[in-house]
Amino acid sequence: MAEPEIPSEFPYGGRKRQAGEEEEEEEENMNKDDDSDDSDYSIGYDSDDPIFEILEGKADRKIWTQYYREWDESEGFDISVFPGTSFMAGIAQQYDHLTSPKVKQEYTELCKLAIKKFNSENDKMYAFEEIVTVNASFAAGTWYYFTFKASDATIENADADAIKTFQALVWHGIDKTIDVDFCRLKKFLTSEDKKKMREERKKKLQQRREAVAKFKQDNPSLVKSFVPRLVIEELSKGKPGGRKAYPGFKIGIRYTCKLKENDKIFDTNIGKGDPLEFRIASGQLIKGWEIGAAGMRIGDKRRITIPPELGYGAKGDGDIVPPDSWLVIEVELIYVDRPTST
């Protein structure tokens with residue numbers, strides 16, 4: 001009786017994924033924050049699936065969507081599309097061993113080294129039989145992703161049940177060094193396994209988006225200011241191409257004002273009726289506030305840290321703002337009205 005396959009902690013998808021699967025649209029939409037529509041990470045590509053053809057050489061986001069999905073499921077052993085060059089080395093299926101006896105022999109020797117490592121680590125006696133597929137990633141050498149068959153040498157006249165499918169990751173450096181990173185039995189996933197993997201992938205994508213949003217909130221970008229000691233931070237951005245606030249424009253804002261020294265809120269209109277309306281550079285508000293709001297687009301949120309000389313100065317503001325106080329004002333631009341021509 002053939003022995004059961006050893007479970008593997010590494011998942012394997014087991015088939016080429018199709019572009020129309022239910023989660024693609026959702027996953028692609030989740031990735032739109034990372035890759036703009038006009039980004040072109042792909043210089044070349046190779047696909048056996050006509051649904052992934054690219055017209056006129058234009059890169060298609062779904063090629064990368066499938067590429068990373070297949071990488072996620074099989075760790076590089078089953079890649080049906082090759083999107084080309086990238087910020088990371090791409091993985092492409094190799095066919096040279098099918099036409100070159102010399103290359104086939106080289107790959108065979110690497111597979112034999114891999115099965116030798118497996119036998120040593122698991123106290124088994126498997127013998128290499130044949131190569132199934134070869135994927136490769138090139139970077140100062142080559143990482144080979146071998147899928148091959150090997151038979152149990154302890155069984156005479158071994159039948160099909162005694163022949164197992166293996167996966168091995170092997171490094172072949174430009175200095176001729178060879179290292180078998182691992183060799184394992186290929187694990188075939190059930191439909192339920194694949195469903196769990198898809199759910200886990202969606203969960204990870206959502207967690208990544210939440211982490212990015214939190215990072216942007218906790219690490220706002222600075223807006224260039226030509227005024228000494230005035231600090232303007234971009235907390236979040238509104239819609240690209242939204243109307244922009246310039247000096248002379250009337251704007252409506254939501255705001256919260258705090259004392260920097262103790263973070264005490266002394267004024268806010270959050271949840272209180274209409275937005276505060278004023279005209280930029282008209283002198284209606286303290287100078288630091290008006291400077292900090294200039295250049296915002298509708299939907300933008302900023303944090304403006306204002307020194308005393310651009311705030312209430314040495315006099316302060318009654319019992320509300322002590323003399324020589326630094327202020328922190330968080331602002332969201334709600335609307336912009338252009339000045340009326342005369």
Side-chain angles (χ1 to χ4, degrees), residues 29 32-40 209 212-261 263-318 320-342:
N29 288 336
K32 282 184 179 179
D33 292 339
D34 301 326
D35 302 319
S36 63
D37 290 335
D38 58 356
S39 63
D40 185 357
R209 290 192 61 177
V212 169
K214 185 177 186 304
F215 177 84
K216 289 180 178 179
Q217 180 67 30
D218 296 341
N219 299 272
S221 59
L222 294 179
V223 177
K224 191 171 184 179
S225 171
F226 296 97
V227 181
R229 306 213 299 168
L230 180 68
V231 180
I232 306 171
E233 300 171 278
E234 199 84 66
L235 300 180
S236 62
K237 294 184 178 181
K239 293 182 178 181
R243 184 174 293 180
K244 201 169 184 178
Y246 293 102
F249 284 31
K250 184 184 292 185
I251 66 173
I253 60 172
R254 294 290 181 187
Y255 67 89
T256 298
C257 301
K258 304 177 183 179
L259 298 175
K260 183 181 178 184
E261 63 177 355
D263 211 31
K264 180 181 178 181
I265 296 176
F266 64 87
D267 190 17
T268 183
N269 72 344
I270 303 297
K272 297 181 180 179
D274 296 331
L276 172 67
E277 187 175 274
F278 71 98
R279 195 175 300 279
I280 295 180
S282 65
Q284 293 176 262
L285 301 179
I286 57 176
K287 192 172 183 180
W289 194 341
E290 292 195 344
I291 295 173
M296 294 180 70
R297 295 183 186 276
I298 293 176
D300 284 0
K301 294 182 181 180
R302 287 184 179 179
R303 180 187 297 127
I304 310 167
T305 302
I306 304 172
E309 64 270 23
L310 297 175
Y312 293 98
K315 293 183 179 181
D317 185 20
I320 301 174
V321 179
D324 296 315
S325 292
W326 282 75
L327 310 176
V328 177
I329 302 178
E330 294 187 359
V331 181
E332 179 182 3
L333 183 59
I334 305 301
Y335 61 81
V336 175
D337 287 336
R338 291 187 173 90
T340 303
S341 59
T342 57

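Note: hydrogens, waters and symmetry copies are ignored here, and every other heavy atom, side chains too, is used.
In this structure, Leu310 CG and Ile304 CD1 are separated by 11.0 Å, a value rounded to the nearest 0.5 Å. Residue Asp267 holds its CG atom at 11.0 Å from CG of Leu327, rounded to the nearest 0.5 Å. A distance of 9.5 Å separates CG in Asp317 from CD1 in Ile286, rounded to the nearest 0.5 Å. Between Arg254 atom CZ and Asp274 atom CG the span is 7.0 Å, to the nearest 0.5 Å. Distance check: Leu285 CG to Arg279 CZ gives 12.5 Å after rounding to the nearest 0.5 Å. Here the OH-NZ distance, from Tyr335 to Lys250, works out to 7.5 Å after rounding to the nearest 0.5 Å.
Of the possible donor and acceptor atoms, none in the side chain of Glu332 sits under 3.5 Å from a partner among the backbone N and O of Ile253. For Glu290 (side chain) and Ala281 (main-chain N/O), a donor-acceptor pair under 3.5 Å exists by modelled atom type. A distance-only check finds no donor-acceptor pair linking the side chain of Arg303 to the backbone of Glu233 [under 3.5 Å].
Side-chain contact between Val231 and Pro307 is absent, with no heavy atoms from C-beta onward closer than 4.5 Å. In this structure, Asp300 and Glu234 have side chains that are in contact, with non-hydrogen atoms separated by less than 4.5 Å.
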Start with the C-alpha gap between Glu330 and Lys301, add the side-chain angles, then the distance that decides, and say whether salt bridge (Lys or Arg N to Asp or Glu O under 4.0 Å) holds.
-> CA-CA 7 Å; Glu330 294 187 359; Lys301 294 182 181 180; over 6 Å; no
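With salt bridges taken as basic N to acidic carboxylate O contacts below 4.0 Å, one links Arg229 and Glu309.
Among all heavy-atom pairs drawn from Val331 and Met296, the shortest one is O-CE, 3.8 Å. Closest non-hydrogen pair, Ala293 versus Ile280, comes out as O-CD1, 4.2 Å. Of all heavy-atom pairs between Thr268 and Thr256, the closest is OG1-OG1, 3.1 Å.
Listed by chain and residue number, Trp289 satisfy the ring-ring contact (aromatic ring centres under 6.0 Å, His included) test with Tyr255 (two or more places apart in sequence, or in another chain).
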